[in-house]
Amino acid sequence: MPPTNLADFTNKKMDHEQEASEENKLSQDCKELILSLPREKGWITPYLYLFQGFWYSSTEIQAINTFQNQFQAKDNDVVIASVPKSGTTWLKALTFAILHRQYFPSLENHPLLIFNPHELVPPFEFVIYDEINGQTHDLSKMPEPRIFGTHVPFTSLAKSIKETDCKIIYICRNLFDTFVSTWVFVNKIMPKFLPTLPLEEAFERYCEGIIGFGPSWNHILDYWKESIARPKKVLFLKYEDLKENVHFNVKKIAEFLGCPFTKEEENSEVIENIIKLCSFEKMKELKVNKSGTMGKGRIVENKYFFRKAEIGDWVNYFSPSMVEKLSKIIEEKLSRSGLSFRVYDFNSSS
Ligand SMILES: Nc1ncnc2c1ncn2[C@@H]1O[C@H](COP(=O)(O)OS(=O)(=O)O)[C@@H](OP(=O)(O)O)[C@H]1O
């Protein structure tokens, strides 16, 4: 749709220029690489490119390249990995609270009350190696054990992550809710120079696997297989299970990370307090998550990371034919893996 007034036109032009200048900032090597890759229309960028079997924007590809070449993992590092919109923010908060609990015995001045979880657990591809948007992060200043986030698929992780003893916690979510959560989020952060993305169009691209860090089923399957092959290396969690029994999973995360809760901690409600601190209801109402922003090139409002947090909200968006199509894809891609998802909240009274 053409812009309707001069201010709109100027905004769109500025956005377009910003996007073009981002592409111009790519290194020469990356520009050449991009030219050689298959390309499709993007969701919030003009294009997505197929790189190492998954779809990314050009700036993400440069960041992933740098990450692969430069990141040196330490044995005590922890990496939180996920497909976007699978419960990353929640898992980052829980992991930070569990792993660093000895430093913050009083929850009154806990960092999670003043920082968004993505600031405390920085992602490789959007912060640490995102030179194009002027993000810088001094790794030497990170408290240990360091906790990182990533949406990068297992196959494309920096080699040192796979070769050291550092641990990975992966979270996934049923693909119906993940798709809806992504589509709503994407339309909120859509650059002004791109049109809003209709649900049906997004769904068609999603079903072809063309979405940032997709195909989502391959992303999930790769981490799933690795968690079976190396259970001490990769802990595989599901958003729905976390919602069903967060207490059990918080203990599981602590044990996996080698810092199980003591009897004394269990008796003094340490687990319950962590759960409350990281709950959707608590986090959503914090000032930092109501009015804060993150990012440099693309500014994102923190409140967009907290929407409904329900299992089964997809029923409000999917037509019967969409249900049929995605169900078939899931059946085809996941049926032999032993992996399945709950798509309704059986505990909900509504
Ligand atoms: N604390 C907590 N507890 C439970 N659920 C939560 C929490 N924080 C965020 N959310 C919900 O998670 C969805 C966002 O997914 P991600 O955090 O993976 O997004 S991102 O990839 O980091 O952008 C998004 O789901 P939807 O509500 O369905 O859109 C959020 O509402």
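We're numbering straight along the sequence, starting at 1. In each ligand, atom 1 is the first atom listed, and ligand 1 is the first ligand listed. From a predicted model like this one, the values you see are computed outputs, not experimental measurements.
- The two residues R205 and K41 come nearest to each other via the heavy atoms NH1-O, 3.4 Å.
- Protein residues lining ligand 1, listed by chain and number: P84, K85, S86, G87, T88, T89, W90, H118, H151, R173, S181, Y239, C278, S279, F280, F305, F306, R307, K308, A309 [non-hydrogen atoms, distance under 4.0 Å].
- Side-chain contact annotation: T45 with S57, donor-acceptor N/O pair under 3.5 Å absent.
- Q52 and T155 share no donor-acceptor pair across their side chains, judged by distance under 3.5 Å alone.
- Between the side chains of Y56 and H151, no donor N or O sits under 3.5 Å from an acceptor N or O.
- For the residue pair S140 and D138, a side-chain donor N or O sits within less than 3.5 Å of a side-chain acceptor on the partner.
- The closest side-chain heavy-atom distance from V234 to W224 is not below 4.5 Å.
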